[in-house]
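What follows is a short report on a single structure.
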Amino acid sequence: MEKRLKAVNHSLVGEIEVPGDKSISHRAVMFGSMAHGVTHVRHFLDGEDCMRTVKAFQAMGVSINKQGDELKIDGRGITNLKKPTEELDFGNSGTTARLMLGVLAGMKFNSTVYGDASLTKRPMDRVVNPLKKMGAKIDGAESGSYLPLTITGQPLIGIDYSLPVKSAQVKSAVLLAGLQAEGETIVRESNLTRNHTETMLQAFGASIKTEGLKTTVTNEKMLQGTDVYVPGDISSAAFFIVASAIVPGSKLTLKRVGLNHTRTGILDVIQKMGVRINILNEQMLGGESFGDIIVEAGELRSVTIEGDLIPRLIDEIPVLALLATQAEGTTVIKNAEELRVKETDRITAVTNVLNGLGASVEATADGMLIHGKTQLKGGKATSYNDHRIAMMSAIASLITEEDVIIDDISSIAISYPSFFEDLQRIK
Ligand code: S3P
């Protein structure tokens, strides 16, 4: 579905509560289903990706009832999950695919999983390789590097594994297989990636221990259901944080946004760039902190985004690149080669879309050089069927001279179904 966004060019004021965090919503469904007893989830993200996870567990016999953004999950316990009634379709969802491989590897039954054209091109060997070291039997194209995959459930043994990629999905898959493995499973990281799996597993009663960059889990078949509140997704809030930062005179409040330290790289970067932010009403529930973020536009300067910061803002890089087009000087993004294997190659997509709108961006092997400040003109934008590219283009229309026409906005339903309603409210 094509969408034309009128150029706006006036300040934005108001309050938004963005939908629940995608990563936390997936995990709430998984752990609630694998636990014994009832789990209630509040402020669940009712987006296409998380619904793939819901459908996968329903196909394994778990009763999950959804009313608006609340879920009631009647957990069956890990060992009582049933052989799926059908092949599992993970759609566009990388998190469902990677984490579910960790869940399915140790089951007593066999399963087959597949996804859409984009997911079928994304690397699964990063998960399949460590799972095979644990004894898993997973078959598919190029030794199980790509979907579709067939998993022959096996008894697993714990491993001591150092992550070769900075990926929370890989870390989580190994830890979830570790819950079913004999002995200890240890995952070591070189950079801290999002830690929602570790935090939430603790809330469900697993024996999991994190010391610095090392996480250890032991066999735990008795997770206990609990209540989960899902804070607003900072990766969704990022679009409005940047909107407020690039439109002169704006002041937006984002309510109850997740502030887990492994996710707040964007806040560190925008403050360095000259954006004023204030955090109010900070609270903590289930080990996850959240609060209200107030963002005010200021004079923007360029910055370098690299190293440890990258996993703390990986999904926000497209919209941060848009922000950088409005900063004086050259913003350098490096060590972000992971962007090439997201829902699309986001280095190519961001470079093409922003240049098409009138920016000056150079793609590099592992990032981008963004030369600012440029007046964006507007015009056509391709979404590459990637939700974050489509939303970045929509936010660009707030500062373009002419309209922005996005070829297809349907992917936005992956992570932020109410995006255009929220955008309309603050315009
Ligand atoms: C996610 C981890 C990140 C992130 C993705 C969600 C998760 O991917 O980009 O949107 O929920 O664990 P990687 O682990 O591949 O970096």
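Counting begins at 1 with the first residue of the sequence. Computed from a prediction, not measured in an experiment: that's the story for all the values here. Each ligand, and each atom within it, is numbered from 1 in the order the structure gives.
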Hey, can you tell me if Phe419 and Phe240 have their rings parallel, tilted or perpendicular (30° and 60° cut-offs)?
tilted

Measure from the side-chain N and O atoms of Lys171 to the backbone N and O of Arg194, and report whether any donor-acceptor pair falls under 3.5 Å.
yes

Should you measure from each heavy atom of Lys166, which atoms of ligand 1 turn up under 4.0 Å away?
16 (O)

Ser167-ligand 1 polar pair, N/O distance under 3.5 Å:
yes

Can you name the atoms of ligand 1, numbered from 1 with element, that are less than 4.0 Å from a heavy atom of Thr95?
1 (C), 6 (C), 7 (C), 11 (O)

Does Lys342 come within less than 4.0 angstrom of ligand 1, counting non-hydrogen atoms of the residue?
yes

Check for a donor-acceptor pair, side chain of Ser397 on one end and backbone N or O of Ala394 on the other, with a separation under 3.5 Å.
yes

For Ala168, take its heavy atoms, then give the atoms of ligand 1 lying under 4.0 Å from any of them.
12 (O), 14 (O)

Going by the closest heavy atom to atom 2 (C) of ligand 1, which one wins out of Arg388, Lys22, Glu338, Arg194?
Arg194

Hey, does the Lys NZ or Arg CZ of Lys66 hover above the aromatic six-ring of Phe44, less than 6.0 Å from the centre and inside 45° of the axis?
no

Can you tell me if Arg27 contacts ligand 1 (heavy atom of the residue under 4.0 Å from the ligand)?
yes

Whether Thr382 side chain and Tyr384 backbone form a donor-acceptor pair below 3.5 Å
no

Check: Thr400 side chain, Leu376 main-chain N or O, donor-acceptor pair, under 3.5 Å
no

Protein heavy-atom partner closest to atom 1 (C) of ligand 1 - residue, atom, separation in Å
Gln169 NE2, 3.6 Å

Given Asp315, Ile414, Thr96, Ile317, which has its nearest heavy atom closest to atom 4 (C) of ligand 1?
Asp315

Going by the order shown, which atoms of ligand 1 are within less than 4.0 Å of some heavy atom of Ser23?
1 (C), 6 (C), 7 (C), 11 (O)

In sequence, state the C-alpha distance, the side-chain angles, and the governing distance for Lys22 and Asp315, and then conclude on salt bridge (charged side-chain N to carboxylate O under 4.0 Å, His left out).
CA-CA 11 Å; Lys22 182 154 79 70; Asp315 292 341; 5.7 Å; no

